[in-house]
Number of protein chains: 2
Amino acid sequence: MARFQDVLRAHEGRLTQERQSLLHIICASVGHFNPEEVAGLARSKGRPVSLTTVYRNLPLLIEAGIVRRATVGDGLDRAGVRYERVWNRTHHDHLTCERCGRVVEFSYPAIEILQEAVAREHGFLLERHHLELIGVCASCRRKAGALSARPTRRPH
Amino acid sequence: MARFQDVLRAHEGRLTQERQSLLHIICASVGHFNPEEVAGLARSKGRPVSLTTVYRNLPLLIEAGIVRRATVGDGLDRAGVRYERVWNRTHHDHLTCERCGRVVEFSYPAIEILQEAVAREHGFLLERHHLELIGVCASCRRKAGALSARPTRRPH
DNA sequence: TTTCATGCAAATACTTTGCATAAGC
DNA sequence: GCTTATGCAAAGTATTTGCATGAAA
């Protein structure tokens, strides 16, 4: 992939088997992943990459714009950072249900435009952003509603 | 503080010296902090709280709406989660310079309104959100421009 | 007096680093 | 052949947990 090779060149880096394996795994990835999962997938595909090497290459992959850190969540998140592919994907943000953990991706251009405006107002050149909306999804709202709407005692 | 006592009651918890110390430290806090810093401050104030206890109480403080996880950063963040007080503060989001690490707080009601709209469209009840804009601040842009008119990456 | 909270130490989890070997270029 | 990359093991951090003791209610 051209952009990764550019970054490698800039770092006088080499396109090793392991880096190619990482690219394959990541470019086929769909959701969020962590370093351990990448190493596991690489192994299962017969092109193993050590966890150490995953960690060492993640910064390059980020620099190349191939992956980014994904949402970190607020309340109930497991430890460790998760990543997601951004290359060959349209930009999106995340809407997370704090009850069931479901993550919905969304894109809302008007928000992006306002973000640009905020950055400009403060003299910043905006490079990227993280937006995570946290709430209760429709399904969990229904469940909660069904429970709480139930009267404990009938009015007489 | 009433809201913390409510949460304690709900958990059948007790208002210990240590918890009072944490409240004092946090309510006097200005910026972001991590668990270690809270413990250090408590010690220096003569009302020490062990690091373990800080960790154990953070979830309660979050539940009480007194603190929240703060921005986690993207590229160059040091490890560990940082927190910030939200109690008795107006809501705000963060604009971070990826060169010098400077963090500017901002609030932009129009963005909040659009976030509500997004959540509603997806059937979510919005509870909170994290928005972090990452870019290059005016000062760093000047420096970079002076050295070389090096273009920065496009936002993805 | 009953139960919960704390502190310490140990255990985990995550991430980074040193070093010898292997592999790009 | 020169230099960077890898894997392993070990070292660092960040965070959680077990347990005996101390403190709320």
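Note on naming: letters A, B, ... go to the chains in the order of the sequence lines (proteins, then strands), and numbering restarts at 1 for each one. Remember, it's a predicted structure, so these values are computed and weren't measured experimentally.
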Query raised in the report: Taking only side-chain nitrogens and oxygens of A/Ser50, does any of them come within less than 4.0 Å of OP1 or OP2 of D/dC8?
Result: no

Query raised in the report: Between B/Arg99 (side chain) and B/Ser139 (backbone), is there a donor-acceptor pair under 3.5 Å?
Result: no

Query raised in the report: For A/Arg14 and C/dA23, is the shortest distance between a side-chain N/O and OP1 or OP2 below 4.0 Å?
Result: no

Query raised in the report: Which whole-number value in Å describes the distance from A/Leu8 CG to D/dT6 P?
Result: 10 Å

Query raised in the report: Does a side-chain N-to-carboxylate-O contact under 4.0 Å join A/Arg56 and A/Glu18?
Result: no

Query raised in the report: So which of B/Ile62, B/Thr16, B/Leu22, B/Val67 actually passes side chain to side chain contact (heavy atoms under 4.5 Å, CB included) with B/Asn57?
Result: B/Leu22

Query raised in the report: Between the base of D/dT16 and the side chain of B/Arg56, is there any donor-acceptor pair under 3.5 Å?
Result: no

Query raised in the report: Nearest-Å distance, CD (B/Glu36) to P (D/dT13)?
Result: 11 Å

Requested in this report: Describe the nucleic acid contact of B/Pro59 in one word from base, sugar-phosphate, nothing, applying a heavy-atom distance below 4.0 Å.
Outcome: nothing

Query raised in the report: Base, sugar-phosphate, or nothing for B/Glu12, non-hydrogen atoms under 4.0 angstrom?
Result: sugar-phosphate

Query raised in the report: Do the rings of B/Phe106 and A/His122 sit parallel, tilted or perpendicular, given the 30° and 60° boundaries?
Result: tilted

Report task. Please determine if a side-chain N or O atom of B/Asn57 lies less than 4.0 Å away from the OP1 or OP2 oxygen of C/dT6. Result -> yes

Report task. Check every strand shown and say whether A/Thr52 touches a base, only sugar-phosphate, or nothing at a heavy-atom separation below 4.0 Å. Result -> base

